[in-house]
There are 2 protein chains.
Amino acid sequence: MARTVDPARHAARRRHIQDCAAALFATHGYERTTTAQICRAAGISPGNLYHYFASKKAIFLAVLTGDEDDTSAMLEQQLAADAPVEAVLEFVTHLAAPAAAHPAVPQLVLEAMLQAHRDPEIADVLGQADAAERAGLTALLQRALDAGAIDTELDPAETAAWLSTLVGAVFLDLALQPGSDPALRLSQLRRTVRAYLGG
Amino acid sequence: MARTVDPARHAARRRHIQDCAAALFATHGYERTTTAQICRAAGISPGNLYHYFASKKAIFLAVLTGDEDDTSAMLEQQLAADAPVEAVLEFVTHLAAPAAAHPAVPQLVLEAMLQAHRDPEIADVLGQADAAERAGLTALLQRALDAGAIDTELDPAETAAWLSTLVGAVFLDLALQPGSDPALRLSQLRRTVRAYLGG
DNA sequence: GTCTATACGGAGATAGAC
DNA sequence: GTCTATCTCCGTATAGAC
C-alpha cells in the first residue's frame with residue numbers, strides 16, 4: 001500500500017509548524033495566539049495548517065508532549081548514587097534546569113499550567129509529568145531518610161510536594177522576571193533545598 | 001451642582017459587578033470570561049455594564065487594585081520589632097497569607113501575572129506592588145544583617161528577590177494544586193525561609 | 001498538497017427606546 | 001439608568017479550485 005507522499009517530509013513540516021507555534025505560545029500565550037499568526041510564522045497558508053493538525057489545541061498538546069523525557073533515566077541514576085542528599089539536589093537541579101535553558105521554556109510551562117486549569121486534556125499531560133516528578137522525589141527522600149541524612153521529622157511525600165513547588169517557583173520567576181539571573185536562581189534553589197532538608 | 005442620582009448606590013453597584021467579575025476571572029481566567037457572563041453573574045443587562053466600566057480591561061484593573069494595602073503598615077511594624085529574623089518571617093507570612101485566605105485569590109493573582117506579560121498597564125499595577133514587596137524585604141534583611149542575625153554572605157537585594165519568588169511559589173501551588181493544604185504550605189514556607197537565612 | 005476565499009460563531013461594545 | 005436589540009470585528013475551521 002503506497003503512501004501518497006513522503007511521510008518524512010510531512011513529519012518535518014509538521015515539526016516546523018509545531019516549533020513556530022511554541023515560540024508564539026510562549027511569548028503571546030495560547031489564547032492570544034491566532035492560527036493565522038502560526039501560519040504566517042511557519043510560512044504556510046491559513047487553510048493548510050489543518051492538513052497537519054486537527055485543531056489549534058492539538059498543536060498546543062503536541063508542543064507540550066514534544067519535550068522528550070530523560071527524567072526517568074536521571075532518577076535511576078540518582079537512586080543508585082552514594083550521597084542521598086546530593087542525589088536529591090542533583091535531581092531537583094535537573095528538574096529546574098530547563099527553566100534556565102531558554103527564556104521561552106518557563107513561559108510556555110506557565111502558560112500550560114494556566115490552560116490546564118481549564119482543559120482536562122492539558123491537565124492530564126501536565127499531571128502525569130508532575131506525578132512522576134513527585135514520585136521520584138519521594139523515593140529519593142525516603143532513601144535519604146533511611147540513611148539518616150536528613151531531618152527525621154520530614155514526611156517524604158509532603159516534602160516532595162514542597163520541593164516540587166520550589167522548582168515551580170524558579171519557573172515562575174524566570175517566566176515573569178526578565179531580569180532574573182537563571183544561574184543565580186538555580187544556586188539559590190540548591191541552597192534552599194539543602195537548608196530545608198536539615199540533617 | 002446636584003448629582004443626578006445617589007453616588008453611593010452607583011459605587012456599591014460598581015463594586016458588586018467588580019466582585020462578581022473577580023470570581024469569574026479567578027475560575028475561568030481573564031480571556032475566557034465574557035462580558036456577558038459578568039453581566040449575568042451581576043444580574044444586569046449586557047449593555048448596562050458600560051455605565052460602570054469603560055471596558056472589560058477596566059474591570060480587571062479595578063479588581064487588581066481593589067485589594068487594599070495594609071502591607072506598608074505591616075512593614076513599619078516589623079521594622080520596629082525586636083527580633084529581626086522573626087520580623088522577616090512575619091512579613092513573609094503576611095505576604096503569603098492572602099493566598100491561603102481564599103482559593104480564588106492565588107488563581108486571580110496568577111492570572112494577573114500572565115496578563116501582565118502582555119499588557120503594560122497590568123504590568124504596571126503588579127510591578128508597583130512587587131517593587132514595594134521587595135523593598136520591604138530588602139530593608140528587613142539589611143536590618144537582620146546589621147544585627148548579625150543571618151548569614152553574612154547573603155546579599156539583601158538578591159535574597160529579597162528570592163524570598164519574593166518563594167512567596168510566589170506558594171501562590172502558584174495553591175492556585176494549581178486544589179488538594180494542597182494552605183496551612184501546611186505556609187509552615188513549609190516559614191521553615192524554608194528560616195533555614196535559608198542561616199545565622 | 002497547497003492555495004484563496006469564505007462560512008460560521010462568538011465576543012466586545014454601541015444605539016436608542018423606556 | 002436600565003433595558004433589548006444589534007452592530008462590527010475577529011478567529012477558527014472548511015470548501016473547493018488548482
Side-chain angles (χ1 to χ4, degrees), chain A residues 1-25 27-63 111 114-115 118-119 121-122, chain B residues 1-64 111 114-115 118-119 121-122:
Chain A
M1 201 135 99
R3 295 294 189 95
T4 53
V5 286
D6 185 6
R9 170 149 184 82
H10 190 271
R13 209 151 173 70
R14 188 185 148 99
R15 178 69 198 209
H16 171 65
I17 296 169
Q18 182 179 317
D19 291 342
C20 293
L24 288 168
F25 288 146
T27 52
H28 302 120
Y30 175 71
E31 326 227 40
R32 313 242 316 196
T33 300
T34 69
T35 54
Q37 283 177 290
I38 296 171
C39 292
R40 212 178 312 131
I44 60 171
S45 69
N48 196 15
L49 176 70
Y50 293 87
H51 283 269
Y52 296 92
F53 294 95
S55 68
K56 181 183 171 184
K57 198 174 83 178
I59 308 174
F60 192 59
L61 285 172
V63 168
E111 185 65 30
L114 263 201
Q115 292 306 322
R118 297 153 203 163
D119 190 302
E121 227 174 323
I122 297 173
Chain B
M1 203 136 92
R3 296 295 188 95
T4 54
V5 287
D6 184 6
R9 170 152 183 79
H10 190 271
R13 208 148 174 70
R14 186 185 150 99
R15 178 69 200 210
H16 171 66
I17 296 169
Q18 182 179 317
D19 290 342
C20 293
L24 288 168
F25 287 147
T27 52
H28 302 120
Y30 174 70
E31 326 227 39
R32 315 244 309 199
T33 299
T34 69
T35 54
Q37 282 177 292
I38 296 172
C39 292
R40 213 178 311 132
I44 61 170
S45 69
N48 196 15
L49 177 68
Y50 292 86
H51 282 269
Y52 296 92
F53 295 94
S55 68
K56 182 184 171 185
K57 197 173 86 179
I59 308 174
F60 192 59
L61 285 172
V63 168
L64 293 185
E111 185 65 29
L114 266 200
Q115 292 304 323
R118 297 153 202 163
D119 190 303
E121 228 173 321
I122 297 173

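Throughout, a chain's letter reflects where its sequence line sits, starting with A, and its residues are numbered from 1. Here the structure is a predicted model, which means the values were calculated and not measured.
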Toward the 5' end of DNA chain D, by each residue's nearest nucleotide, A:H51 or A:T33: A:T33
Worked verdict on A:E31 versus A:R118 for salt bridge (Lys or Arg N to Asp or Glu O under 4.0 Å): CA-CA 12 Å; A:E31 326 227 40; A:R118 297 153 203 163; 3.4 Å; yes
Touch class at under 4.0 angstrom, heavy-atom based, for A:S45 against every strand present: base
Sugar-phosphate only, base, or nothing, as touched by A:R13 at under 4.0 Å among non-hydrogen atoms: sugar-phosphate
Sugar-phosphate only, base, or nothing, as touched by A:L49 at under 4.0 Å among non-hydrogen atoms: nothing
N/O (side chain, B:T34) to phosphate O (OP1/OP2, C:dA11) under 4.0 Å: no
Closest approach of B:F25 to B:E111 (non-hydrogen atoms, all atoms of both residues): O-CG, 4.2 Å
OP1 or OP2 of C:dT2 under 4.0 Å from side-chain N/O of A:Y52: yes
Length of the CD1-P vector between A:I44 and D:dA13, whole Å: 13 Å
Phosphate contact (D:dG11 OP1 or OP2) by A:T35 side-chain N/O below 4.0 Å: no
Sugar-phosphate only, base, or nothing, as touched by B:F53 at under 4.0 Å among non-hydrogen atoms: nothing
Close side-chain approach of A:Y52 and A:Q18, heavy atoms under 4.5 Å: no
Nearest-Å distance for atom pair NZ/P, residues A:K56 and D:dT12: 4 Å
Derivation and outcome, side chain to side chain contact (heavy atoms under 4.5 Å, CB included), residues B:Y50 and B:T35: CA-CA 10 Å; B:Y50 292 86; B:T35 54; 3.6 Å; yes
Nearest-Å distance for atom pair OH/P, residues A:Y50 and C:dC3: 15 Å
Out of C:dC3, D:dT2, C:dT14, whichever nucleotide has its closest atom nearest the side chain of B:N48: D:dT2
